[in-house]
Amino acid sequence: DYARSSVLAYTFSSTEAGVISYGGACSGDRTVAAIGDNAVNFSVAAEGNYKNCTITVTDALGNVSPALRVRAFTVDDSAPVLAEVVPVPGLANKPGPRYTFSSNEPGSVVYNGSCVSATTLVRSGIQTIKFNDLPDGSYQACSLVVTDRAGNIASLPVSTFEVDTAAPVLLQEQEVTPATANPGQPPVYRFSTTEAGELVLGGGCTSADTAVLAGSNNITFATVKTASYPGCTVSVRDNAGNLSVAIAAPFNVD
């Protein structure tokens, strides 16, 4: 059994009234036993394991009972020590993000805020939990509350993170101009995106432009020797890693 030093309650029964004596590392707040059940509160010097505590009762005629051995117990007044090991990425593109933390002792865990997990028990050491699916948004007030076997409580704030599972939405604002360019007249394409991120091109076309802002963007395609790019496509990968649907941006170099 595990308990805090402030709640070391113990009950024993005696067939006779008498004087209580304590043995081992425990002492109690009661010195006289009555016939029947007797509740005592132990006191101990420090945290630790107690395996040798005993109780005896001496009746009015001086007869001493056999020693009653108290079942071993552990006194623990220290709250669990918790630490964040691997936080949820600042931008997570999965609705059920994973979170890794450590505890120096086992116990039970509950959750505050919007982040909840099916995990209810904590072991000693490092462990990873999976939060239940969360809608897209920012999560700033999540925490874990661990209660050890003695009832000591510790809280661990979860670092702020954002869930973003929606890919950017692109819209062509102006097709490649000019549609047939020469190396000295690089073609430009204008489109809009609902999210900032990284430019991703397909179909063989290239550009020195790599960063994309939310809203309208102009990108300049690289021009080399005579070539045709009928399969050129434009996509955007947002900062959470979601990739948009590609839009076509064909052009020729002559």
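Reckoned from all heavy atoms, side chains included, excluding hydrogens, waters and symmetry mates.
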Short side-chain to backbone donor-acceptor contact, [X] and [Y], under 3.5 Å:
| X | Y | result |
| --- | --- | --- |
| D29 | N41 | yes |
| S65 | V57 | yes |
| N104 | V81 | yes |
| D1 | F73 | no |
| D209 | T220 | yes |
| D238 | P168 | no |
| E16 | S14 | no |
| E84 | S159 | yes |
| N63 | D59 | no |
| Q185 | P178 | no |

(message) If you apply the rule side-chain contact (heavy atoms from CB on, under 4.5 Å), what do you find for F251 with C205, and how did you get there?
(response) CA-CA 9 Å; F251 66 95; C205 53; 3.9 Å; yes

Which value, rounded to the nearest 0.5 Å, describes the distance between [X] atom [atom1] and [Y] atom [atom2]?
| X | Y | atom1 | atom2 | result |
| --- | --- | --- | --- | --- |
| Y111 | Y99 | OH | OH | 10.5 Å |
| D164 | S138 | CG | OG | 11.5 Å |
| N239 | E198 | CG | CD | 9.5 Å |
| N242 | K94 | CG | NZ | 9.5 Å |
| L201 | I219 | CG | CD1 | 5.5 Å |
| F12 | L68 | CZ | CG | 7.5 Å |

[X] with [Y], same ILVMFWY side-chain cluster at under 4.5 Å:
| X | Y | result |
| --- | --- | --- |
| I247 | L243 | no |
| V86 | V158 | no |
| L199 | L170 | yes |
| V176 | V200 | no |

Shortest non-hydrogen separation from [X] to [Y] and the atoms involved:
| X | Y | result |
| --- | --- | --- |
| L8 | A3 | CD2-CB, 3.7 Å |
| V145 | S155 | CG2-OG, 4.1 Å |
| R69 | N52 | NH2-CA, 4.4 Å |
| V236 | E195 | CG1-O, 4.1 Å |
| N132 | S117 | OD1-CA, 3.8 Å |
| P135 | V163 | O-CB, 4.0 Å |

(message) Before you tell me yes or no, could you show the steps for D77 and S5 under side chain to side chain donor-acceptor pair (under 3.5 Å), namely the whole-Å CA-CA distance, both residues' side-chain angles and the distance that decides it to 0.1 Å?
(response) CA-CA 7 Å; D77 289 328; S5 59; 2.8 Å; yes

(message) Would you call the rings of F131 and F161 parallel, tilted or perpendicular, taking 30° and 60° as the class edges?
(response) parallel

Please say whether more than 12 non-hydrogen atoms of neighbouring residues, nucleotides or ligands are located less than 6.0 Å from [atom1] in [X].
| X | atom1 | answer |
| --- | --- | --- |
| R30 | CZ | yes |
| E175 | CD | no |
| K51 | NZ | no |

Can you tell if the side chain of [X] reaches within under 4.5 Å of the side chain of [Y], non-hydrogen atoms only?
| X | Y | result |
| --- | --- | --- |
| L134 | P95 | no |
| Q174 | Y189 | no |
| T223 | P187 | yes |

(message) Closer than 4.0 angstrom, basic N to acidic O: yes or no for R149 and D76?
(response) no

(message) Consider side-chain contact (heavy atoms from CB on, under 4.5 Å). Of I129, V85, V88, which one does T100 pass it with?
(response) V85

(request) Please test I55 against Y10 for side-chain contact (heavy atoms from CB on, under 4.5 Å), starting from the C-alpha separation and ending with a verdict. (result) CA-CA 11 Å; I55 293 175; Y10 183 75; 3.9 Å; yes

(message) If only side-chain N and O atoms count, and only distance matters, is there a donor-acceptor pair under 3.5 Å linking D254 with T180?
(response) no

(request) Please report the C-alpha distance between Y50 and V70 in whole Å, then the side-chain angles of each, then the deciding distance to 0.1 Å, and finally whether the side-chain contact (heavy atoms from CB on, under 4.5 Å) criterion is met. (result) CA-CA 9 Å; Y50 291 85; V70 178; over 6 Å; no

(message) Pair Y2, N152 - check side-chain contact (heavy atoms from CB on, under 4.5 Å), show working.
(response) CA-CA 10 Å; Y2 287 78; N152 301 298; over 6 Å; no

